[in-house]
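The block underneath contains the structure these notes are about, expressed in structure tokens.
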Amino acid sequence: MAGQSDPHLSLFSAAEVEFLAEDETLEIVPNMKMDALNFICGDYGPFYPQITIEVPLWLAVALKKRGKCTIRPPQWMSVEKLTQVLEAERDSPREFQPLPFHYVEISRLLFDHARDDIPDMYMVRSLIEDIRNVRFHKVETGLETISARTHAVKLKNLSAMEVNIVRPFVVRTLQAFYKHDSPQMIQHPDRMANRQPQVADRGPRRDLRRR
Amino acid sequence: MAQYYNIDDIIMEEEIILVVFQVAANGVGLLDPSAETNSVEQGSKVELPFWLAQELHLRQAVAMNVLACFNQKNRCPYFYELGCKIAPLVGDRTIGSFLLYTFSSRYKEVLSKAHSAAFAVAPKFLTLLTKEETHLYEAARSSMAAFKKWRTGGPRFERASILGIKRKPAN
């Protein structure tokens with residue numbers, strides 16, 4: 001499934017990442033009575049009015065569109081929590097804060113469809129935008145430290161959409177560096193004690209992010 | 001011959017290399033614009049495309065100079081690939097590390113420009129990039145653009161453009 005949109009870039013399109021994000025569960029409060037729904041992916045229990053139930057996001061959005069429920073925003077989506085996360089992001093220049101993997105997509109879907117269910121919507125929205133900008137900036141700064149000796153890049157706690165954006169660039173960068181660093185290209189006759197025909201040792205493993 | 005069908009390879013091998021003929025060659029005087037007869041003398045400097053120069057080098061008929069295209073002024077778009085091809089042939093061992101160094105320093109510039117959405121900068125900058133770097137740049141730019149487009153929202157389903165074509169019923 002990866003790369004269906006553009007096989008050369010090995011990229012999920014943004015809509016595909018959003019589709020994957022819709023499997024995340026969250027809580028809704030239905031306002032009608034309905035029998036259990038049986039799907040291939042699972043059964044979502046009988047719905048009673050005003051009883052909270054946990055359903056996947058796609059089902060929640062579908063029910064919301066038909067006016068059959070109200071969505072409860074997830075725990076991490078409150079102004080206090082997000083402000084905390086933003087402060088922590090700004091304070092640690094090399095680390096990412098743990099956030100739900102699909103926070104970008106979930107927040108966008110909720111803003112589009114469940115606007116009235118989120119308290120302080122504009123504040124939450126601007127906080128999430130700020131968090132996203134700060135994190136992306138950190139990614140860019142970190143990527144500048146890739147040099148010839150890098151085998152792989154490890155970015156901890158990065159979310160799905162951010163990974164998707166940088167994936168083609170990082171992959172191609174690593175490929176290009178690998179191509180230029182192959183041992184037949186770089187020969188240091190005075191430094192190497194014995195010439196090894198195999199790939200030379202590329203140095204110790206360095207994480208892009210310290211823990 | 002590893003990339004026989006690769007179009008980039010083919011175009012890249014057209015690049016001009018300055019060579020010095022080690023032997024005299026008859027019948028190919030048109031290669032050397034200053035030759036009076038239809039032959040190339042030994043020791044004359046001729047410009048040949050890379051594919052020809054490579055073959056002749058393997059047959060020990062020419063000696064390749066470390067080429068003009070490697071200096072700063074005229075940078076051909078196939079800078080890196082050409083360097084990779086040349087390195088095993090020419091006796092200059094520093095090419096590889098030079099390429100690497102160039103690439104890593106240029107890479108930083110590319111990176112800083114790539115993900116930002118400043119469209120005004122694009123045209124002037126792109127002409128200075130080699131094919132590889134343009135590849136990188138395009139990848140980052142397109143993924144960023146796609147994300148922004150998605151973020152502004154819009155209908156999930158797009159109507160296929162062919163459905164919008166209305167045809168008048170034939171009378």
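Letters A, B, ... are given to chains in the order of the sequence lines, protein chains preceding strands, and every chain is numbered from 1. Excluded from the calculations below are hydrogen atoms, water molecules and symmetry mates; all remaining heavy atoms, backbone and side chain alike, are included. Keep in mind it's a predicted model, so treat the numbers as computed, not measured.
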Checklist entry - Side chain, backbone, both or neither: which part of A:Glu129 has an atom under 4.5 Å from a heavy atom of chain B? => result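 Just the side chain, heavy atoms under 4.5 Å.
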Checklist entry - Just wondering, more than 12 heavy atoms not from A:Met123 lying within 6.0 Å of its CE? => result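 Result for CE/A:Met123: open.
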Next on the checklist: Surrounding CZ of A:Phe39 (heavy atoms of other residues, nucleotides or ligands, distance under 6.0 Å), is the total greater than 12?
Outcome noted: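 Counting other residues, nucleotides and ligands, CZ of A:Phe39 exceeds 12 neighbours.
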Checklist entry - Between B:Arg151 and A:Glu18, does at least one N-O distance fall below 4.0 Å, as a salt bridge requires? => result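 Between A:Glu18 and B:Arg151 there is no salt bridge, as every charged N stays at least 4.0 Å from the carboxylate O atoms.
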Checklist entry - Checking A:Arg108 side chain against B:Trp150 main chain: does a donor-acceptor pair fall under 3.5 Å? => result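 Yes; judged by distance alone, with no hydrogens or angles, the pair exists.
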Item to check | Option among A:Val104, A:Asn164, A:Val17 that satisfies the side chain to side chain contact (heavy atoms under 4.5 Å, CB included) test with B:Phe147 | outcome: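 Checked A:Val104, A:Asn164, A:Val17 against B:Phe147; only one passes side chain to side chain contact (heavy atoms under 4.5 Å, CB included): A:Val104.
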Checklist entry - Taking all non-hydrogen atoms of both residues, which atom of B:Ala146 and which atom of A:Ala14 are closest, and how far apart? => result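 Closest pair (atom of B:Ala146, atom of A:Ala14, distance): O-CB, 4.3 Å.
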